[in-house]
Amino acid sequence: MEKNYKHRVFCMAYALMNATGKAFEVCLSRAWALHRLTRLMRKGVVTFSYERADGSLRKAKGTLKNVDHLIKGKRAENFKTVKYFDIEANGFRSFRVENFITIY
């Protein structure tokens, strides 16, 4: 498990709270679900859903396992989005943390 995962979860919870205006407890619960999603994606392919920017529902199959060689640069960590490698589209995608719905 990564060293500063609790810091990442709390930063994501604050980003959710600022974006949605919901109570911190609700945002913290959602941030832990997003942490579980990224942890599962590091182990293999995960099916999950989120709301797209246009309001439509997106059911995606994503992974973070064995994709390090595909990353071209190093950017600062962003707690407002979750990035993943889309198996169906064969490319990297991302979604805003407040648009996450569920893991299947």
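The structure displayed is predicted, hence computed values, not measured ones.
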K59 NZ to I101 CD1 distance, which is reported to the nearest 0.5 Å: 11.5 Å
How close do K43 and K65 get, counting heavy atoms only, and between which atoms? O-CD, 3.2 Å
Would you name the heavy atoms of Y84 and G62 that are closest together and state the gap between them? CD1-CA, 3.7 Å
Euclidean distance, N99 CG relative to S49 OG, rounded to 0.5 Å: 11.0 Å
Non-hydrogen atoms of I103 and R36 that approach each other most closely: CD1-C, 4.5 Å
Looking at A31 and A13, what are the two nearest heavy atoms and their distance? CB-N, 3.8 Å
Might you work through the side-chain contact (heavy atoms from CB on, under 4.5 Å) test for Y50 and L57, ending with a clear yes or no? CA-CA 6 Å; Y50 61 91; L57 181 69; over 6 Å; no
Just verifying a value: how many Å separate F24 CZ and F10 CZ, rounded to the nearest 0.5 Å? 5.0 Å
Separation between OH of Y104 and CZ of F48, rounded to the nearest 0.5 Å: 10.5 Å
Once you round to the nearest 0.5 Å, how far does NZ of K6 lie from CH2 of W32? 6.5 Å
Is there a path from L64 to V97 through hydrophobic residues (I, L, V, M, F, W, Y) whose side chains come within less than 4.5 Å of each other? yes
Please check if the side chain of T63 supplies one atom and the backbone of G44 the other of a donor-acceptor pair under 3.5 Å. yes
Nearest-0.5 Å distance, CE of residue M12 to OG1 of residue T81: 8.0 Å
Within a radius of less than 6.0 Å around CZ of R96, do more than 12 heavy atoms belonging to other residues, nucleotides or ligands occur? no
Check for me, please, whether L16 and V9 land in the same ILVMFWY cluster - side-chain distances under 4.5 Å, paths through other members count. no
Determine, using the 4.5 Å side-chain heavy-atom cutoff (strictly less than), whether L34 and V46 are members of one ILVMFWY cluster. yes
Okay, side chain of S56, backbone of R52: is any donor-acceptor separation there less than 3.5 Å? no
Tell me whether M17 is reachable from F95 by hopping between hydrophobic residues (I, L, V, M, F, W, Y) whose side-chain heavy atoms are closer than 4.5 Å. no
Between D86 (side chain) and A89 (backbone), is there a donor-acceptor pair under 3.5 Å? yes
With distance as the sole test, does R30 use its side chain to make a donor-acceptor pair with the main-chain N or O of F100 at under 3.5 Å? yes
Going hydrophobic residue to hydrophobic residue with side-chain gaps under 4.5 angstrom, can you get from L37 over to I87? no
